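I have placed the structure first, in the form of structure tokens, so that the comments after it can refer back to it.
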Amino acid sequence: MTVENTRDVAVLGLGEMGAAIAGALLAAGHRTTVWNRTPEKAEEAVAGGARRAATVPDAVAAGEVVFISVKGAAAVRKILEEAGGALAGRTVVNLTDGTSAEARETARLAAGSGAEYLHGQIMTIVPGIGHPEAVVFFGGEQAVYDRHRPLLDLLGGKGTLVAADPGVPVLYGMSVHGIMWGLLNGFLHAAALLTDEGVELKRFLDQAAPSLAALMSFLPSIADEVEHSRHAAEYGALRHHHPSVDDLLRESRDRGVDDRLPAHTLSLVARALADGHADDSYSRLVDAFRTP
């Protein structure tokens with residue numbers, strides 16, 4: 001397949017995610033060079049039309065835009081060091097997980113070698129690469145993002161530049177995952193209670209759907225309270241949460257269900273009450289996460 005504005009691109013790292021990225025670029029008709037430290041992993045991409053590079057510098061030299069998807073910031077750093085002068089004039093799109101500090105350090109290394117830099121945080125599993133609804137958070141210069149937008153959109157139709165700071169998309173990704181794990185852990189704890197009683201979970205979800213949907217609608221107001229440090233609540237104050245959380249804790253213990261999740265929540269609420277915040281909203285508990 002050939003398309004207008006075909007680009008020379010390189011993909012370094014051909015694990016599951018890197019292979020999917022290479023596949024999306026090849027499917028769009030871009031001239032794609034691939035490299036992996038274990039050469040055998042390049043075979044599928046080569047069979048799909050990619051060129052295999054023998055070394056990191058060869059791969060980087062072949063691409064105007066260099067996508068990196070490996071395991072950990074240390075591996076990215078080693079690739080950039082190996083690439084050396086070949087990075088000059090290229091755009092590095094780093095799609096490797098890590099911390100915000102590691103993303104910023106990688107950006108500095110790339111810039112020191114004369115490359116432009118974008119950090120991308122992919123918010124989908126491998127089959128979602130290229131899907132119109134797949135989200136990717138990007139960080140970097142607006143002009144660089146705009147220039148390469150057609151390529152970046154091949155990763156996911158909901159790609160967004162969230163900040164010039166390459167560390168911010170990392171925090172976006174971590175925050176989404178943190179909320180996800182909290183939600184999943186809360187649901188699985190509830191599932192243990194419900195199934196202990198013999199309640200069908202799908203029936204529960206159908207009947208509790210309005211209450212569960214309302215939870216998401218609370219987040220903008222909670223965000224506003226946190227950002228403006230205004231926690232006073234006319235209704236639903238922390239003193240009203242305490243007995244309900246205590247009930248959940250005792251119910252869990254009575255049924256032999258792990259009680260650590262509600263116990264932790266109760267400890268947060270109790271601490272806030274002891275500090276004189278009984279009439280504040282649940283948003284007040286942000287203080288406990290800021291000063292554990």
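Since the structure is predicted, the reported quantities are computational estimates derived from the model, not experimental observations.
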### Query
Donor-acceptor pair, Arg77 side chain versus Gly72 backbone, under 3.5 Å?
no

### Query
Do Arg230 and Glu225 meet the salt-bridge criterion of a basic N to acidic O distance under 4.0 Å?
no

### Task
Provide the closest heavy-atom pair for Asp258 versus Ser252 in the form atom of the first, atom of the second, distance.
O-CB, 4.4 Å

#### Entry: Ile129 side chain reached by Met17 side chain, heavy atoms, under 4.5 Å
yes

### Query
Tell me, do Glu64 and Thr91 make a side-chain contact under 4.5 Å, heavy atoms counted?
no

### Query
Donor-acceptor pair, Thr55 side chain versus Asp58 backbone, under 3.5 Å?
yes

### Task
Determine, stepwise, if the pair Arg149 / Asp153 fulfils salt bridge (Lys or Arg N to Asp or Glu O under 4.0 Å).
CA-CA 6 Å; Arg149 183 70 182 271; Asp153 283 349; 2.9 Å; yes

### Point-to-point distance, once rounded to the nearest 0.5 Å, from CG of Leu194 to CG of Leu205
8.5 Å

### Query
Are Tyr282 and His241 near enough that their ring centres are under 6.0 Å apart?
yes

### Task
Start with the C-alpha distance between Trp35 and Ile79, add both sets of side-chain angles, then the distance that settles side-chain contact (heavy atoms from CB on, under 4.5 Å), and finish with yes or no.
CA-CA 11 Å; Trp35 173 88; Ile79 285 172; 4.0 Å; yes

### Message
Distance check, rounded to the nearest 0.5 Å: Met174 atom CE versus Ile179 atom CD1?
### Response
14.0 Å

### Task
For residues Tyr117 and Thr106, determine if any side-chain heavy atom of one lies less than 4.5 Å from a side-chain heavy atom of the other.
yes

### Query
Does a side-chain heavy-atom distance below 4.5 Å link Thr160 with Val135?
no

### Query
Between CG of Leu193 and CD of Glu197, what distance do you get to the nearest 0.5 Å?
10.0 Å

### Query
Between Asp246 and Arg250, is there a salt bridge with N-O shorter than 4.0 Å?
yes

### Message
As a quick check of understanding, evaluate side-chain contact (heavy atoms from CB on, under 4.5 Å) for Ile68 and Val92, giving each step before the final call.
### Response
CA-CA 7 Å; Ile68 302 178; Val92 173; 3.9 Å; yes

### Query
Is it the case that more than 12 heavy atoms not belonging to Glu44 sit under 6.0 Å from its CD atom?
no

### Task
Look at the side-chain heavy atoms of Ile, Leu, Val, Met, Phe, Trp and Tyr, link any pair under 4.5 Å apart, and say whether Val136 and Val70 land in one connected group.
no

### Summary
On a heavy-atom basis, the closest approach of Leu12 and Ala59 is CD1-CB, 4.0 Å

### Option from Arg51, His30, Arg31 for which side-chain hydrogen bond (donor to acceptor under 3.5 Å, both in side chains) with Asp8 holds
Arg31

### Summary
Taking every heavy atom of Asp280 against every heavy atom of Ala233, the minimum-distance pair comes out as C-CB, 4.1 Å

### Message
Working to the nearest 0.5 angstrom, can you tell me the gap between Ser100 OG and Asp165 CG?
### Response
7.5 Å

### Task
Determine, step by step, whether Lys158 and Met123 satisfy the side-chain contact (heavy atoms from CB on, under 4.5 Å) criterion, reporting the C-alpha distance in whole Å, the side-chain angles of both residues, the deciding distance to 0.1 Å, and the verdict.
CA-CA 10 Å; Lys158 297 291 187 183; Met123 304 304 294; over 6 Å; no

### Query
Is the CD atom of Glu234 crowded by more than 12 outside heavy atoms at less than 6.0 Å?
no

### Task
Look at the rings of Tyr172 and Phe137 and say which category their plane angle falls in: under 30° parallel, 30 to 60° tilted, over 60° perpendicular.
perpendicular

#### Entry: Beyond-backbone contact of His264 with Val245, side-chain heavy atoms, under 4.5 angstrom
no

### Query
Ignoring hydrogens and geometry, is there a side-chain-to-backbone donor-acceptor pair from Ser113 to Ala115 under 3.5 Å?
no

### Query
If you measure from CD1 on Ile21 to CG on Leu26, what distance do you get to the nearest 0.5 Å?
12.0 Å

### Query
So, does Thr99 use its side chain to make a donor-acceptor pair with the main chain of Glu102 at under 3.5 Å?
yes

### Summary
Closest heavy-atom pair, Leu154 versus Ala28, reported as atoms and distance to 0.1 Å, is CD1-CB, 3.6 Å

### Message
Could you check whether Arg7 and His148, counting side-chain N and O atoms only, form a donor-acceptor pair closer than 3.5 Å?
### Response
yes

### Arg104 and His119: CA distance, side-chain angles, deciding distance, side-chain contact (heavy atoms from CB on, under 4.5 Å) verdict
CA-CA 9 Å; Arg104 294 180 185 114; His119 189 92; over 6 Å; no

### Message
Do Phe187 and Trp181 land in one hydrophobic cluster if side-chain heavy atoms of ILVMFWY residues count as linked below 4.5 Å?
### Response
no

### Query
When you measure from the side chain of Arg90 to the backbone N and O of Val60, does any donor-acceptor pair fall under 3.5 Å?
yes

### Query
When rounded to the nearest 0.5 angstrom, what is the spacing between NE2 in His277 and CG in Leu273?
9.5 Å

### Message
Hydrophobic clusters here meaning ILVMFWY residues chained together by side-chain heavy-atom distances under 4.5 Å, can you tell me if Val126 and Leu155 are in one?
### Response
yes

### Message
For a 4.5 angstrom cut-off between non-hydrogen side-chain atoms, does Thr265 reach Leu268?
### Response
no

### Query
What pair of heavy atoms forms the shortest contact from Thr33 to Ala62, and how long is it?
OG1-CB, 3.4 Å

### Query
With no hydrogens and no angle check, is any side-chain donor or acceptor of Ser69 less than 3.5 Å from a backbone partner on Thr96?
no

### Query
If you look at every heavy atom in Ala42 and Val34, which pair is closest and at what distance?
CB-CG2, 4.0 Å

### Query
Does a salt bridge link Lys78 with Glu81, judged by any charged N lying under 4.0 Å from a carboxylate O?
no

### Query
Are Val286 and Phe218 grouped together when hydrophobic residues (ILVMFWY) are joined by side-chain heavy atoms under 4.5 angstrom apart?
yes

### Query
Is the shortest distance from a Lys or Arg side-chain nitrogen in Arg147 or Glu116 to a carboxylate oxygen in the other one below 4.0 Å?
yes

### Query
Taking a hydrophobic cluster as the set of Ile, Leu, Val, Met, Phe, Trp and Tyr residues connected by side-chain heavy atoms closer than 4.5 Å, whether directly or through intermediates, do Val93 and Val76 fall within one such cluster?
no

### Asp247 and Leu249, any side-chain heavy atoms less than 4.5 Å apart
no

#### Entry: Val257 side chain reached by His189 side chain, heavy atoms, under 4.5 Å
yes

